Amino acid sequence: MRSSWADLAANSAAENAPPTSAANNANNNNTQPPSRPVYVPPHLRNRGPTAPAPASSERFSAPTAFDNSGSRWAPPPRNDYRGRGGGGGFGNRTGGGGGWDRREANPFADQDDSEEPVTQEEQENTGINFDAYEDIPVETSGGNVPPPVNTFAEIDLGEALNQNIRRCKYVKPTPVQRHAIPISLAGRDLMACAQTGSGKTAAFCFPIISGIMTGQPAQRPPRGVRTVCPLALVLSPTRELSMQIHEEARKFSYQTGVRVVVAYGGAPINQQLRELERGVDILVATPGRLVDLLERARVSLSLIRYLALDEADRMLDMGFEPQIRKIVEQMDMPPAGVRQTMLFSATFPKEIQRLASDFLSNYIFLAVGRVGSSTDLIDQRVEYVQESDKRSHLMDLLHAQRANGVQGKQALTLVFVETKKGADALEHWLCLNNFPATTIHGDRTQQEREAALRSFKSGNTPILVATDVAARGLDIPHVAHVVNFDLPNDIDDYVHRIGRTGRAGKKGLATAFFNENNASLARSLQDLMQEANQEVPAWLSRFAARSSFGGGKNRRSGGRFGGRDFRRDGSFNRGGPDYQGAGNSSGGYGASGGYGGGYGGYAGNSAGPGVTSAWD
DNA sequence: AAAAAAT
């Protein structure tokens with residue numbers, strides 16, 4: 001399925017050809033290349049003559065000058081493309097030597113490539129268990145909330161994207177996707193809270209890819225300038241998570257002509273620069289490396305139409321906020337309201353929501369699922385273990401697991417510890433005791449980190465000792481057991497850690513070692529477990545009662561967890577953000593239960609069970 | 001106090 005475009009690009013950048021791309025060029029059909037680079041809209045790139053162009057393609061067939069109306073920034077494409085017959089033509093992509101490098105490895109290469117449709121039953125066996133997502137509470141607030149969809153077919157994402165959705169074996173959208181995709185396609189800013197493992201990546205990737213495919217072409221920087229201008233930026237807090245998002249996004253954008261590039265620290269920058277020079281529509285990055293690229297003027301954000309922050313609450317907490325502000329507010333990114341901004345996380349403390357509203361314009365708040373995360377899919381246990389007993393206690397767990405064969409043969413165990421040194425020490429000790437373990441933390445080289453993750457995923461070392469670097473976002477199939485060897489100080493971190501198991505509707509087990517050192521977490525842990533219908537040990541309740549006076553920063557009342565739009569909270573609402581939709585929160589659909597009507601009247605402690613406490 | 005994130 002090679003096009004003339006591909007030939008052209010391959011010629012212009014042949015020296016960069018990685019060996020692996022040769023195989024993908026095998027089915028090259030030698031269509032006559034155009035004599036000079038001509039802009040090809042993403043949805044037509046990579047289209048071989050054998051693949052018939054969709055009927056709608058005529059409107060792109062006569063390029064005319066792209067009029068950007070003198071505006072510095074072309075407005076982000078809104079949800080009008082279905083009606084935009086032959087609007088603006090396309091200018092040439094003049095920036096990087098004529099256009100994108102079309103060579104594209106098949107991201108589905110490691111799966112059987114049968115194009116057979118997947119039945120619902122199959123999906124439930126191998127993929128997402130949708131029964132686990134029935135009947136979950138949904139909250140939206142903000143003005144004019146677009147209604148959710150029930151199927152991918154209801155949304156016009158384009159045939160290429162639809163085909164990738166089939167290749168990914170997604171039969172129907174998860175709840176967060178059902179709600180978030182229409183909101184994003186409508187061009188609205190979004191703050192979305194959804195449980196760990198519920199499909200957030202696709203929820204922001206699909207609208208971005210679709211929007212880039214169908215949107216106006218970008219103005220490219222002048223010739224000779226090596227600065228590249230992505231149209232979408234996805235930021236995440238760890239390198240491995242950026243890698244994972246990149247891999248996912250590559251699958252979703254396969255043969256759509258939309259190019260996804262990843263940039264993160266700890267890896268040679270030259271290779272990343274080469275990838276960028278081959279063209280980039282969607283840049284996935286960690287903040288530090290992106291700042292570096294911006295300061296070197298190798299990347300410009302001037303054409304950004306979509307900004308997505310994954311693990312957005314983490315991205316805006318103390319450690320990251322200055323960098324994010326620099327990237328979003330102090331470089332050349334179009335301002336909120338011009339670009340489209342999407343924030344996703346499983347947790348969204350109210351104070352972080354307030355910070356986040358700086359980056360949003362007239363946004364919709366969406367909360368899907370119970371509490372920050374913990375579904376009843378995760379069996380949560382807390383055991384009282386003194387520091388000195390932790391190792392032998394872990395050993396007991398691992399022995400029992402080995403004997404019982406928890407969840408079958410390939411069960412993986414992820415052990416969280418507090419410090420990098422502690423991770424190394426525990427790994428060493430486990431290995432001495434014939435438990436094959438490896439470790440991932442920030443003192444290891446990037447190579448070591450990636451090798452550790454690979455080794456864990458493959459089952460080669462079925463025990464991974466990790467710091468919080470692995471707490472968020474990583475999608476590791478077959479993690480049967482998460483052990484909080486050291487509990488975190490923040491309940492949100494706990495939520496994300498245990499969310500490494502029980503993903504895509506599957507069950508999981510989480511065991512925590514609790515002792516006096518964790519007293520400050522007792523109350524919030526107890527509340528969280530109660531909300532997730534978990535059995536709370538009596539001793540933990542006593543700890544909770546003892547530590548509850550004086551509140552503590554982990555107190556959940558006041559809404560540490562996602563699930564409530566802070567704009568509804570009177571104390572946050574004064575002189576606050578542009579919240580125009582307070583009055584019509586439910587938008588005529590979705591669950592509005594739990595609210596006593598109006599944002600002042602939230603009857604949080606008296607509304608029906610199942611929603612109330614979870615949405616505190 | 002710790003972890004993460006650029007070189």
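Nothing here was measured: the structure is a model prediction, and the numbers come from that model. Letters A, B, ... mirror the listed sequences (proteins, then strands); counts begin at 1.
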Could you list the donor-acceptor pairs under 3.5 angstrom formed between side-chain atoms of residues 462-477 of chain A and any protein atom two or more places apart in sequence or on another chain?
unit_1 : atom_1 : unit_2 : atom_2 : d
A:T467 : OG1    : A:V469 : N      : 3.4
A:D468 : OD1    : A:R497 : NE     : 2.8
A:D468 : OD1    : A:R497 : NH2    : 3.2
A:R472 : NH1    : A:E311 : OE1    : 2.9
A:R472 : NH1    : A:D313 : OD1    : 2.9
A:R472 : NH1    : A:H496 : NE2    : 3.2
A:R472 : NH2    : A:D313 : OD2    : 3.2
A:R472 : NH2    : A:H496 : NE2    : 3.4
A:D475 : OD1    : A:R503 : NE     : 2.5
A:D475 : OD1    : A:R503 : NH2    : 3.4

Under 4.0 Å, heavy atoms only, any strand: does [X] hit a base, just the sugar-phosphate, or nothing?
X      : value
A:D292 : base
A:G442 : sugar-phosphate
A:R296 : nothing
A:R314 : nothing

Item to check | DNA chain B: 5'-proximal contact among A:D468 and A:A267 (nearest heavy atom) | outcome: A:D468
Checklist entry - Taking the side chain of A:Q323 as heavy atoms from C-beta outward, which of B:dA1, B:dT7, B:dA5 is closest to it? => result B:dA5
Checklist entry - Can you tell which of B:dT7, B:dA1, B:dA4 lies closest to the side chain of A:R289? => result B:dT7
To the nearest Å, give me how far apart [atom1] ([X]) and [atom2] ([N]) are.
X      : N     : atom1 : atom2 : value
A:R298 : B:dA6 : CZ    : P     : 17 Å
A:L241 : B:dA5 : CG    : P     : 11 Å
A:D490 : B:dA2 : CG    : C1'   : 12 Å

Checklist entry - Which residues pass the side chain to side chain donor-acceptor pair (under 3.5 Å) test with A:E321, sequence neighbours left out? => result A:R325
Next on the checklist: Which residues pass the side chain to side chain donor-acceptor pair (under 3.5 Å) test with A:D396, not counting sequence neighbours?
Outcome noted: none
Next on the checklist: Is there a side-chain contact between A:L233 and A:L290 in this structure, where contact means two heavy atoms from C-beta onward sitting under 4.5 Å apart?
Outcome noted: yes
Item to check | ring pair (Phe, Tyr, Trp, His ring centres under 6.0 Å) pairs, two or more places apart, involving residues 430-453 of chain A | outcome: A:H399-A:F435
Next on the checklist: Once ring pair (Phe, Tyr, Trp, His ring centres under 6.0 Å) is applied, what residue pairs with a partner in residues 319-346 of chain A remain, sequence neighbours excluded?
Outcome noted: A:F204-A:F344
Item to check | Interface with DNA chain B, restricted to residues 417-426 of chain A and to heavy atoms under 4.0 Å | outcome: A:E418, A:T419, A:K420
